Student: 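For reference, the structure I am asking about is given below.
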Amino acid sequence: MNDETTGAEDSTRDFIRDIVREDLGAGRHTSVVTRFPPEPNGYLHIGHAKSICLNFGVAQEFGGRCHLRFDDTNPTREEQEFVEAIKEDVSWLGFDWGEHLYYASDYFEQLYQWAEGLIEAGKAYVDDLPVDEMRAYRGTLTEAGRNSPYRDREAAENLALFRAMRAGEFPDGARVLRAKIDMAAGNMNMRDPVLYRILHSPHPRTGTDWCIYPNYDFAHGQSDAIEAITHSLCTLEFADHRPLYEWLLESIDAPARPKQYEFSRLNLSHAALSKRRLTQLVEEGRVSGWDDPRLPTISGLRRRGVPAAAIRDFISRLAITKSDGLVEMAMLEHCIRELLNVEAPRRMAVLRPLKVVIENYPDGEGEMLVAQNHPGNPDMGSREVPFSRELYIERDDFMEDPPKKFFRLGPGREVRLRYAYFITCQEIIKDASGEVVELRCTYDPETRGGNAPDGRKVKGTIHWVSAAHAVGAEVRLYENLFNSEEPPGGDEFLADLNPASLETLPQAWLEPDLATLAPGQTVQFERLGYFCRDLGEATVFNRTLGLRDSWAKIKGKG
RNA sequence: UGGGGCGUAGCCAAGUGGUAAGGCAUCGGGUUUUGAUCCCGUGAUCGCAGGUUCGAUCCCUGCCGCCCCAACCA
């Protein structure tokens with residue numbers, strides 16, 4: 001992988017980097033420490049890439065470090081498989097946490113001790129209210145909540161109860177530990193938030209050691225403090241939690257006082273970027289898995305053939321702000337094409353084959369023609385491509401009754417076969433149903449390589465593959481998974497699924513050189529787009545992205 | 001009707017009391033053995049209304065709109 005571009009230039013400026021720069025300059029910190037804190041309950045997607053690039057990027061740029069910390073406080077929905085996938089994805093994106101791999105579960109004992117301290121200080125209490133009751137007591141957005149009848153228990157009783165909770169003396173949901181703050185607070189998060197709940201569920205890392213687990217608010221900030229995180233960067237929806245984050249750090253007399261800053265999350269058009277939706281798509285089998293190439297997951301993009309550098313570049317063009325918007329998929333596509341245009345070697349492949357017989361080319365003979373691996377970059381060298389009497393060309397490159405603006409093959413028309421010869425269509429052969437099944441053409445031996453000695457020009461150049469030498473493959477074409485820029489909410493987003501998001505072409509013909517292409521390697525099929533050999537199925541090629549197609553626009557206009 | 005956040009071209013955005021960077025998209029044009037690439041060119045009464053000022057997108061006031069919060073999720 002080419003890691004020349006990290007996507008995080010030193011010139012990058014945004015309000016967070018300004019704060020870091022200012023903090024460092026004022027001597028509030030000697031170095032920056034950030035963290036990327038995923039919950040291992042799903043795969044990472046491109047939205048996470050924004051956070052990863054920000055956190056690791058800031059650390060890199062300011063000579064600090066970034067921790068990878070799993071926020072594994074809910075054993076009922078987290079799995080080891082996700083931990084492994086997340087580590088792989090972060091690494092693949094090009095970031096290194098070094099020795100700094102942590103788990104919130106590593107801090108469970110410390111967290112528990114802090115909770116006892118809170119109880120002793122009269123800042124937390126055990127509440128016996130059932131969930132629905134607690135909800136009713138919480139009030140609404142416009143009405144203050146009421147104090148729980150258990151709110152004024154003595155510290156000693158709370159302590160005994162909390163210890164009994166830990167000892168497993170109560171069933172799930174029987175009691176919780178709550179912070180004692182203010183049931184009338186405008187900020188709902190301050191209305192005596194739950195800190196611990198009973199969950200008789202084995203944890204992937206701590207096994208059955210615990211049956212009470214801290215929730216996000218009592219784990220995140222504390223973990224940040226334990227790791228001496230200086231800048232805790234999260235998305236906007238946590239802004240309301242900041243007062244609680246600070247209240248808790250203050251109340252437990254934390255070993256460090258990290259500061260939380262919020263930025264807007266990434267929204268991408270024509271895609272689903274919420275964990276809930278992605279999980280649903282995967283679990284309901286709407287896609288083939290977390291790494292389905294149509295998904296905006298990191299593993300899906302990788303399988304699709306998108307280079308990590310393109311993702312980093314895309315993220316670097318996004319600004320870190322607090323305004324939430326919807327970034328057009330076209331932006332991502334541009335970054336992918338821009339990178340692949342430079343790096344992808346060129347090859348020829350015919351996706352929807354139409355047979356062509358060169359009548360004046362000697363039967364049973366053949367020759368090797370030289371093709372550039374990248375017309376714009378001679379350093380990438382050239383290769384030889386076999387040519388013979390029978391070829392395949394793209395069906396779209398022939399029209400029986402072509403409009404004036406169509407530059408490709410038609411009855412009596414002459415075109416150039418890329419890196420080969422000029423050919424002229426002499427005859428069309430159709431089957432019983434009238435479908436064109438074969439073209440009989442003649443070639444001009446004088447045009448070998450693609451230029452005519454007499455200086456005559458042709459309007460079009462088309463790609464081809466020698467039938468006898470071609471390698472067969474299945475090619476999968478992908479389109480946006482959703483029709484709408486912004487799929488509707490609820491389960492209605494399923495109705496917006498694009499039925500044409502995957503088109504499988506069972507019998508495509510590739511130039512022989514492609515037989516040796518490594519899995520995951522992306523090349524350009526000339527005039528068609530960027531494709532890569534699938535990471536799993538060797539005979540499958542995935543289309544990363546098509547080339548920009550101005551002909552489609554002309555054609556579309558009629 | 002409570003709390004928090006945000007409103008600069010179709011999209012992402014920079015910017016600042018002195019009259020609006022850049023990228024993407026779009027639409028024109030040029031080059032081209034990929035209708036690709038590349039190269040040129042193309043768009044803004046800065047949410048609205050008042051006010052302060054010689055002058056406001058930037059300051060003040062009011063209004064409007066959008067997003068988030070009432071899980072023992074994160």
Side-chain angles (χ1 to χ4, degrees), chain A residues 13-14 37-39 41 71 73-74 76-78 127 129-131 134-136 138-145 172-178 184-191 193-199 212-213 215-217 219-220 234-243 262 264 266 269 275-276 314 317-319 321-335 337-338 341-342 346 348 371-372 374-376 405-408 416-420 422 447 449-451 457-463 485 524-529 546-555:
Chain A
R13 290 205 70 146
D14 53 60
E39 180 191 12
N41 69 340
D71 234 329
T73 58
N74 188 343
T76 66
R77 35 185 266 170
E78 294 153 7
D127 196 348
L129 242 32
V131 248
M134 199 189 288
R135 180 162 36 239
R138 187 154 32 227
T140 68
L141 294 180
T142 53
E143 296 165 35
D172 286 6
R175 292 177 222 264
V176 293
L177 180 71
R178 289 229 255 173
N187 181 342
M188 300 296 289
N189 293 298
M190 300 300 269
R191 318 243 267 225
V194 169
L195 267 24
Y196 265 91
R197 71 286 212 190
I198 299 171
L199 249 30
I212 58 171
Y213 293 91
N215 67 176
Y216 171 83
D217 289 304
H220 201 94
C234 62
T235 44
L236 251 31
E237 65 270 29
F238 292 100
D240 286 342
H241 291 249
R242 190 178 349 110
E262 313 86 22
S264 62
L266 168 66
S269 75
K275 197 107 75 168
R276 194 209 117 224
F314 169 65
R317 295 183 193 224
L318 266 25
T321 66
K322 292 169 91 83
S323 61
D324 48 10
L326 183 67
V327 177
E328 293 174 340
M329 185 65 84
M331 181 83 97
L332 208 211
E333 294 179 342
H334 171 265
C335 295
R337 288 196 183 98
E338 187 175 71
N341 175 50
V342 172
R346 263 101 261 222
M348 288 198 287
Q372 299 303 307
H374 192 126
K405 285 181 177 172
F406 187 77
F407 302 151
R408 285 109 94 155
R416 171 168 41 231
L417 291 181
R418 181 101 161 131
Y419 297 125
F422 284 9
T447 58
N451 284 306
K457 305 288 185 192
V458 285
K459 296 283 286 240
T461 298
I462 65 175
H463 57 95
E485 277 210 312
Q524 183 194 95
F525 287 177
E526 292 213 46
R527 301 211 307 132
L528 297 174
L547 257 25
R548 293 190 60 180
D549 186 1
S550 57
W551 164 243
K553 286 173 190 164
I554 296 169
K555 196 173 58 174

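Just so it is clear, the model here is predicted, and its values are computed rather than measured. Chain A is the first sequence line, chain B the second, and so forth, proteins listed ahead of strands; every chain is numbered from 1.
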Student: Are the side chain of A:Arg191 and the backbone of A:Ala185 linked by a donor-acceptor contact shorter than 3.5 Å?
Tutor: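 Such a contact is found between A:Arg191 side chain and A:Ala185 backbone.
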Student: Taking NE2 from A:His241 and P from B:G5, how many angstroms apart are they, rounded to a whole number?
Tutor: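 Rounding to the nearest Å, NE2 of A:His241 and P of B:G5 are 14 Å apart.
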Student: Test your reading of the model: is there a side-chain donor-acceptor pair from A:Asn189 to the backbone of A:Asp240, 3.5 Å cut-off?
Tutor: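 The answer is yes, because a donor-acceptor pair under 3.5 Å joins these two groups.
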Student: Taking the side chain of A:Arg408 as its heavy atoms from C-beta onward, which of B:C73, B:A13, B:G35 lies nearest to it?
Tutor: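 When the side chain of A:Arg408 is considered, B:G35 is the closest of B:C73, B:A13, B:G35.
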Student: Between A:Trp551 and B:G35, do the rings stack, that is, sit under 5.5 Å apart with planes less than 30° off each other?
Tutor: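 A:Trp551 ring centre within cut-off of B:G35 base, planes near parallel; stacks.
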Student: Please pick, from B:G35, B:A74, B:C12, the nucleotide with the shortest atom-to-atom distance to any side-chain atom of A:Asn74.
Tutor: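 Among the listed nucleotides, the one closest to the side chain of A:Asn74 is B:A74.
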Student: Is the distance from OP1 or OP2 of B:G35 to the nearest side-chain N or O of A:Arg527 less than 4.0 Å?
Tutor: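 A:Arg527 to B:G35 OP1/OP2: side-chain N or O found under 4.0 Å.
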Student: What integer number of Å spans the C1' atoms of B:G7 and B:C58?
Tutor: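 It comes out at 15 Å once rounded to the nearest Å.
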Student: Answer with yes or no whether A:Glu237 presents, from its side chain, a donor or acceptor under 3.5 Å of a partner atom in the base of B:G5.
Tutor: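 There is none.
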Student: Rounding to an integer number of Å, can you tell me how far A:Glu143 CD sits from B:G3 P?
Tutor: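 The distance from CD of A:Glu143 to P of B:G3 comes to 14 Å, rounded to the nearest Å.
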Student: For A:Arg197 and B:C73, give me the distance from atom CZ to atom C1', rounded to whole Å.
Tutor: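 Interatomic distance, CZ of A:Arg197 to C1' of B:C73: 7 Å.
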Student: Need one value for A:Asn215: base, sugar-phosphate or nothing, where a base atom within 4.0 Å counts as base even if backbone is also close, heavy atoms only.
Tutor: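 Result for A:Asn215 = sugar-phosphate.
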Student: Take atom C1' in B:G43 and the same atom in B:A25, then report the distance between them in whole Å.
Tutor: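 Between the two C1' atoms, the distance is 12 Å.
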Student: Looking only at the side chain of A:Arg317 (C-beta and beyond, no hydrogens), which of the listed nucleotides B:G4, B:A70, B:C24 gets closest?
Tutor: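 The answer is B:C24.
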Student: Indicate, with a heavy-atom threshold strictly under 4.0 Å, whether A:Phe238 touches base, sugar-phosphate, or nothing.
Tutor: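 Answer is base: heavy atoms of A:Phe238 come under 4.0 Å of a base.
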Student: Looking across every strand, which nucleic acid part, if any, lies under 4.0 Å from A:Ser323 by heavy atom: base, sugar-phosphate, or nothing?
Tutor: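 It contacts sugar-phosphate atoms only.
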Student: Look only at the side chain of A:Arg337 and the backbone of A:Gly546, and say whether a donor-acceptor pair between them is shorter than 3.5 Å.
Tutor: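 Yes; judged by distance alone, with no hydrogens or angles, the pair exists.
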Student: Quick one: which of B:C69, B:G3, B:G35 gets closest to the side chain of A:Leu141?
Tutor: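 The closest nucleotide is B:C69.
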Student: Contact class for A:Lys275 (heavy atom, under 4.0 Å): base, sugar-phosphate, or nothing?
Tutor: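 Contact class for A:Lys275: none.
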Student: Just to be sure I understand the rule, does A:Thr73 reach a base, reach only the sugar-phosphate, or reach nothing, if contact means heavy atoms closer than 4.0 Å?
Tutor: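 If one applies the 4.0 Å heavy-atom cut-off, A:Thr73 turns out to touch the sugar-phosphate alone, with no base involved.
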Student: Tell me what A:Pro130 touches on the nucleic acid: a base, only sugar-phosphate, or nothing, going by heavy atoms under 4.0 Å.
Tutor: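 Counting heavy atoms under 4.0 Å across all strands, the contact made by A:Pro130 includes a base.
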Student: A:Pro375 near the nucleic acid: base, sugar-phosphate alone, or nothing, with a heavy-atom cut-off under 4.0 Å?
Tutor: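 Base contact.
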Student: Donor-acceptor check, side chain of A:Thr321 to backbone of A:Ser323, threshold 3.5 angstrom: yes or no?
Tutor: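 The answer is yes, because a donor-acceptor pair under 3.5 Å joins these two groups.
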Student: Could you check A:Leu326 against A:Leu417 and say which one's nearest nucleotide on RNA chain B is further toward the 5' end?
Tutor: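 Here A:Leu326 is the residue nearer the 5' end.
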Student: Rounded to the nearest 0.5 Å, what's the gap from OH on A:Tyr213 to CD1 on A:Ile198? Could you check?
Tutor: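 Result: 12.0 Å between the selected atoms.
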Student: Any side-chain to backbone donor/acceptor pair from A:Glu143 onto A:Gly139? Under 3.5 Å, distance only.
Tutor: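 Between the backbone of A:Gly139 and the side chain of A:Glu143 there is no qualifying donor-acceptor contact (under 3.5 Å).
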Student: Taking for each residue the nucleotide of RNA chain B with the nearest heavy atom, is it A:Leu528 or A:Ile198 whose nucleotide lies nearer the 5' end?
Tutor: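 Looking at RNA chain B, the more 5' nearest nucleotide goes with A:Leu528.
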Student: Regarding A:Ser269, tell me which of base, sugar-phosphate or nothing describes its non-hydrogen contacts under 4.0 Å with the strands shown.
Tutor: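 Here A:Ser269 touches no strand at all.
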Student: Just call it for A:Glu39: base, sugar-phosphate, or nothing, with non-hydrogen atoms closer than 4.0 Å on any strand.
Tutor: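 Here A:Glu39 touches the backbone only, sparing every base.
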Student: Can you check the distance between B:U53 and B:C59, where both ends of the measurement are the C1' atom (answer in whole Å)?
Tutor: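 Roughly 10 Å separates the two C1' atoms.
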Student: A:Glu262 has an atom CD; how far is it from atom C1' of B:G3, in whole Å?
Tutor: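 My rounded result for the distance is 14 Å.
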Student: B:G3 base to A:Asp240 side chain: any donor-acceptor pair below 3.5 Å?
Tutor: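 Between B:G3 and A:Asp240, which were checked side chain against base, a qualifying N/O pair under 3.5 Å is present.
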Student: Between B:C66 and B:C60, how far apart are the two C1' atoms, rounded to whole Å?
Tutor: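 So the two C1' atoms sit 24 Å from each other.
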Student: For the side chain of A:Asn187, starting at C-beta, report the closest nucleotide among B:C27, B:U1, B:G3.
Tutor: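 For the A:Asn187 side chain, the nearest candidate turns out to be B:G3.
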Student: Can you tell me the distance, in whole Å, between the CG atom of A:Leu236 and the P atom of B:A74?
Tutor: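 For the pair A:Leu236 CG and B:A74 P, the rounded distance is 20 Å.
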Student: For B:U34, does the base pair up with any side-chain atom of A:Arg346 as donor and acceptor (N or O, under 3.5 Å, distance only)?
Tutor: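 It does, because a donor-acceptor pair links the side chain of A:Arg346 to the base of B:U34 below 3.5 Å.
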Student: Mind checking if A:Arg138 touches a base, just sugar-phosphate, or nothing, with heavy atoms under 4.0 Å?
Tutor: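 Touches sugar-phosphate only.
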Student: Since syn is defined as within 90° of 0, does B:A71 count as syn or as anti?
Tutor: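 Glycosidic conformation of B:A71: syn.
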Student: Under 4.0 Å between any heavy atoms, over every strand shown, what does A:Tyr213 touch: base, sugar-phosphate, or nothing? Just pick one.
Tutor: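 A:Tyr213: no heavy atom of the nucleic acid under 4.0 Å.
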Student: Any idea which of B:G2, B:U37, B:C24 is nearest the A:His334 side chain?
Tutor: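 The closest nucleotide is B:C24.
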Student: Which part of the nucleic acid, if any, lies within contact of A:Phe406, taking any heavy atom under 4.0 Å across all strands shown: a base, the sugar-phosphate backbone alone, or nothing?
Tutor: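 Here A:Phe406 touches the bases of the nucleic acid.
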Student: What nucleotide, of B:A74, B:C24, B:A70, holds the atom closest to the side chain of A:Thr140?
Tutor: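 In terms of side-chain proximity for A:Thr140, the closest of B:A74, B:C24, B:A70 is B:A70.
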Student: Quickly work out the A:Gln524 CD to B:G35 C1' distance and round it to whole Å.
Tutor: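 So the two atoms are 13 Å apart, to the nearest Å.
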Student: Calculate the interatomic distance between A:Arg191 atom CZ and B:C69 atom P; express it in whole Å.
Tutor: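 About 15 Å, once rounded to whole Å.
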Student: Which nucleotide, B:C73, B:U37, B:C24, lies nearest any side-chain atom of A:Arg548?
Tutor: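 So the side chain of A:Arg548 is nearest to B:U37.
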Student: For B:G47 versus B:A13, give the span between their P atoms, rounded off to a whole number of Å.
Tutor: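 After rounding to an integer number of Å, I get 14 Å for this pair.
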Student: Look at the side chain of A:Arg346 and the backbone N and O of A:Glu526, then say whether any donor-acceptor pair between them is shorter than 3.5 Å.
Tutor: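 Answer holds: no.
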Student: Using the C1' atom on both, measure B:U57 against B:U52 and round to a whole Å.
Tutor: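 Taking atom C1' in both B:U57 and B:U52, they lie 16 Å apart.
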Student: Using a cut-off of strictly less than 4.0 Å, decide whether A:Arg77 has a side-chain nitrogen or oxygen near OP1 or OP2 of B:C72.
Tutor: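 False: A:Arg77 side-chain N/O out of range (4.0 Å or more) of B:C72 OP1/OP2.
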Student: What does A:Leu266 touch in the nucleic acid at a heavy-atom separation under 4.0 angstrom: a base, only the sugar-phosphate, or nothing?
Tutor: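 Contact class for A:Leu266: none.
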Student: Can you check side-chain contact (heavy atoms from CB on, under 4.5 Å) on A:Asn187 and A:Arg242, steps first, answer last?
Tutor: CA-CA 10 Å; A:Asn187 181 342; A:Arg242 190 178 349 110; over 6 Å; no
Student: Identify whether any heavy atom of A:Gly173 sits under 4.0 Å from a base atom; if not, whether one sits that close to sugar-phosphate; answer base, sugar-phosphate or nothing.
Tutor: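 Here A:Gly173 touches the bases of the nucleic acid.
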Student: Can you check the A:Glu526 CD to B:U32 P distance for me, whole Å?
Tutor: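 Rounding to the nearest Å, CD of A:Glu526 and P of B:U32 are 17 Å apart.
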Student: Which nucleotide in the set B:G35, B:C12, B:A70 lies at the smallest distance from any side-chain heavy atom of A:Met331?
Tutor: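 Ranking B:G35, B:C12, B:A70 by closest atom to the A:Met331 side chain puts B:C12 first.
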Student: Would you indicate, yes or no, if B:U26 has its OP1 or OP2 atom less than 4.0 angstrom from a side-chain nitrogen or oxygen of A:Lys553?
Tutor: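 Yes.
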Student: Could you pull out the closest heavy-atom pair between A:Leu195 and A:Arg178, with the gap in Å?
Tutor: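 In this case the closest contact between A:Leu195 and A:Arg178 is CD2-C, 4.1 Å.
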Student: Considering only atom C1', compute the distance from B:U19 to B:A56 and round it to an integer number of Å.
Tutor: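 9 Å, rounded to whole Å.
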Student: Would you measure the distance from the P atom in B:A44 across to the matching atom in B:C48 and give it in whole Å?
Tutor: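 It comes out at 15 Å once rounded to the nearest Å.
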Student: Expected output check: what is the dot-bracket annotation of RNA chain B, where ( ) and [ ] are pairs inside the strand (brackets for crossing ones), | is paired with another strand, and pairs are Watson-Crick or G-U under 3.5 Å?
Tutor: .((((((..(((.....[...)))..((((.......)))).....(((((..]....))))))))))).....
Student: So if I take every side-chain heavy atom of A:Val194 and compare against B:A74, B:C72, B:G5, which nucleotide ends up nearest?
Tutor: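 Between B:A74, B:C72, B:G5, the one nearest the side chain of A:Val194 would be B:C72.
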